[in-house]
Amino acid sequence: MTWNFREILKTLFLCIASVNLGISSGIVPLGVLFALLFVREYFRKQEHRPRYRKLFAYSMIAPCAVWWVLVPTVEFGVSPYVVFIPGWYLLYLALLQKRSLGNGGYEAFVCFDGCAALLLGLYHAPKACVLAGLLGILFAVHSYSRRRTAAYKQILFVLLFVAFCASSFAGWKYWKTNRTYGGSWGRAYYEQNHMAGFDPVASLGSLSGNYESRYNDQVILRVWDTLSHPFIRAAAYEKFSGNLWRLSIDSPRKIYPSRYHVDYAVFETVDSATLANGVRRVWVQSLLDNFGFVFAAPNAVGVAVKNQDSLDYYRSNVYVAEKNGRKDWYYFAGPPSSEVLETEVDSAFLQVPRQYVAFLDSVSLQMNLPAATDENSKMEMLKTIRDYFVRNFKYSLNLPKDSREKDKSDGLRRFWEMKQGFCEYYATLATLLARFHGIEARYVKGFAFPEKDSGRPYLLYRRHNCHAWVEVLIDGHWMTFDATPPRIALNVETPSWWRVKWESLSGRIQYALHVVRDGEWRKSVDDLQVFTQNVVESWGFCAVLFVVAAITLSIKMLKGRKQKKLRLVSKHAAVWIKKLNVAEKKLRHLGHVRHPGETVGGFAARLQDNAQCKDLVQILQEYEDNRWRD
């Protein structure tokens, strides 16, 4: 046969696309099988190419869709098979077009589908596959370009193509990391997609950005539990210094899942059955994904963040996800009446900055706080603090500056002098007062007092529902203590009837999608997927695949041999049929005619004693001996 250099490059390009996709997706045998099929198509003759049938192309859509459903979501909610499955389908289309060239198949489609499969196969690919992919692009450019195209033009095209892909990827990464650009659009985008005040180091008054924002009525969380605690927290801070609250300085410890529920890892403070003894699972949907924190009720026994093998669990009792945001997760809460938190205590929750000792002593005298000697007196002291705030302070989002105050940056003293402020100031002063009197306390940020409608199956937290409060250790239990007086009416636009209905419809649609994507049915599907994945990756499957391929090839070869014999028999038969017709014609002239239904052998036996027909009878006998011979 004549070797065609361009066709060889085309075949190599398609083989690289097949093997790369097999390696990246973890199904190497399938990639090798596609490569062998493309090599086979190189040796197929034009007259033996079948017609292109759209039915074969459409018939693979349903299996690919089922395959898509069977794959569990992983790695930040996006499965790599979202990329790989379309790649396999495009590679299949390239094979169909290639085998039907000239009979409905076109080189343009082969090139397009092959390039798409090659690029999709570079997702999660090792370095060797990336280099092979670049070589495949070079083969495609050279083999599919016009003849006599200058080599420098082909190289320039490849370099521009690679530079375009690199710049696009770099731009996407930059946008994902920064998400802010110059001009008012960038500032508006940042303000709309960033919650102020939820940081590992939080400044006093940082939550005010949520109240003063034009987006302060923006829906932030939907908590699908009508029995949820009125407080849902992100972090409990430990140390206060220089108007800043800080998380624990201790290294975080990891807790690992005791088991998996659907495709969520269940994290627990103790090794127990999560859904036993009144513990319920609550789905939390976040409409912003850049908090850096996972929000849960104070009595949550664990948090299940999707597709995460471990969780940073700080001693200050804060669940922190990875740096990327989380749009939904589960938390597992105890009975609604329980306010029991984990009882781990650290001396850090008794820390009071030295510069505030005299100030707190003066505040205690003015409040006439009782001594905290036992559990009852501790509760009485907390009640006295709250009553004093209610009688003498007012809730305000503005904290006026006092010209008499020497330290303009000390917001806590200014808050005490002005007798007005918002939740962060009340919670901070209450936390420090409790610690000053020997009560373990910590400063907490989160959301509180959600919108609750009897027609909604979920609680709604808007941006202006962000709040700060205190947790105190009473009788060995961490309990919620909110020192903030009733809030004044915030500058929140009352949503219209249409907006309320649209929010309700949007929430229910999101829940339906959640059930379809991550509902209980996923457990059985995931088990099936794990089973099929183990089967596909096993040596037994490879052996079965090899045997099936060998049997198919053997059957194909046997059919080819049989068809070849039939062609030879057909050619042999035509010669003897012609001889029979000539002999019978001559016998008719002599007055001898074969009776209807009489075989040629019987006709020859009947004329065997006729000397006049001896030569013609011999032709009949030879026909009978050779006509049906293989």
Side-chain angles (χ1 to χ4, degrees), residues 202 204-205 207-208 231 236-245 339 345 347-445 448-449 467-475 477-488:
L204 187 61
L207 286 182
S208 61
F231 297 91
Y237 294 86
E238 176 186 85
K239 184 178 181 181
F240 181 73
S241 176
N243 267 8
L244 296 176
W245 278 105
E339 291 187 351
V345 182
S347 60
F349 298 126
L350 288 173
Q351 290 181 358
V352 176
R354 291 182 180 180
Q355 65 268 29
Y356 287 104
V357 172
F359 169 68
L360 293 174
D361 185 56
S362 175
V363 170
S364 299
L365 290 175
Q366 294 184 52
M367 284 188 172
N368 195 24
L369 295 181
T373 57
D374 54 21
E375 305 305 321
N376 291 331
S377 59
K378 289 180 181 179
M379 295 297 295
E380 183 64 28
M381 190 189 72
L382 295 176
K383 182 177 182 300
T384 302
I385 293 174
R386 177 173 173 78
D387 290 344
Y388 187 89
F389 283 148
V390 172
R391 291 194 310 268
N392 300 283
F393 283 68
K394 69 175 183 178
Y395 189 97
S396 174
L397 296 178
N398 297 315
L399 189 62
K401 293 183 178 180
D402 185 6
S403 59
R404 298 172 297 173
E405 187 65 49
K406 295 181 180 180
D407 188 357
K408 304 294 183 182
S409 64
D410 194 342
L412 192 60
R413 287 187 171 91
R414 193 164 67 251
F415 161 70
W416 176 255
E417 293 294 332
M418 295 295 99
K419 297 292 189 289
Q420 66 182 51
F422 53 97
C423 58
E424 288 183 288
Y425 295 93
Y426 291 100
T428 297
L429 184 53
T431 301
L432 295 179
L433 283 171
R435 292 181 177 184
F436 183 73
H437 288 273
I439 303 175
E440 291 88 354
R442 53 197 185 194
Y443 172 79
V444 180
K445 278 188 175 182
F449 313 117
H467 192 47
W469 62 93
V470 188
E471 286 178 357
V472 293
L473 189 68
I474 303 294
D475 196 18
H477 297 160
W478 284 105
M479 300 183 66
T480 299
F481 169 57
D482 188 11
T484 306
R487 301 186 186 189
I488 62 172

Which heavy atom in [X] sits nearest to a heavy atom in [Y], and how many Å separate them?
X      : Y      : answer
Pro370 : Glu380 : CG-CG, 4.2 Å
Gln355 : Ser241 : NE2-OG, 4.4 Å
Ser396 : Gln420 : OG-NE2, 3.6 Å
Lys445 : Ala202 : NZ-CB, 3.2 Å
Ala441 : Val472 : CB-CG1, 4.0 Å
Ala448 : Phe231 : CB-CD2, 3.6 Å

How many angstroms lie between [atom1] in [X] and [atom2] in [Y], if you round to the nearest 0.5 Å?
X      : Y      : atom1 : atom2 : result
Asp374 : Asp475 : CG    : CG    : 10.5 Å
Ser364 : Ile385 : OG    : CD1   : 7.5 Å
Met381 : Asn376 : CE    : CG    : 13.0 Å
Ser377 : Leu382 : OG    : CG    : 9.5 Å
Phe481 : Glu471 : CZ    : CD    : 12.5 Å
Arg414 : Leu412 : CZ    : CG    : 10.0 Å

Counting neighbours of CE on Met367 that are heavy atoms of other residues, nucleotides or ligands and sit closer than 6.0 Å, is the number greater than 12?
yes
Might you confirm whether atom CZ of Arg391 has over 12 heavy atoms from other residues, nucleotides or ligands at distances under 6.0 Å?
yes
Would you say the side-chain atoms of [X] pair up with the backbone N or O of [Y], donor to acceptor, closer than 3.5 Å?
X      : Y      : result
Glu424 : Gly205 : yes
Asn392 : Tyr388 : yes
Arg435 : Glu440 : no
Ser362 : Phe359 : no
Arg442 : Tyr237 : no
Thr428 : Tyr425 : no

Applying side chain to side chain contact (heavy atoms under 4.5 Å, CB included), can you list everything that pairs with Ala427, at least two apart in sequence or on another chain?
Tyr443, Ala468, Val470
Side chain to side chain, [X] and [Y], heavy atoms closer than 4.5 Å:
X      : Y      : value
Lys239 : Trp245 : no
Leu360 : Val352 : yes
Leu433 : Leu429 : yes
Phe422 : Ser208 : yes
Asp482 : Tyr426 : no

Whether Trp469 and His467 hold their rings parallel, tilted or perpendicular, with breakpoints at 30° and 60°:
parallel
Under the side chain to side chain contact (heavy atoms under 4.5 Å, CB included) criterion, do Phe240 and Thr431 qualify, and how do the steps go?
CA-CA 10 Å; Phe240 181 73; Thr431 301; over 6 Å; no
Ring centroids only, cut at 6.0 angstrom: are Trp416 and Phe389 within range, meaning strictly under it?
no
Would you please indicate if the ring centroids of Phe436 and Tyr356 are separated by under 6.0 Å?
no
For Lys383, all residues meeting salt bridge (Lys or Arg N to Asp or Glu O under 4.0 Å), sequence neighbours excluded:
Asp387
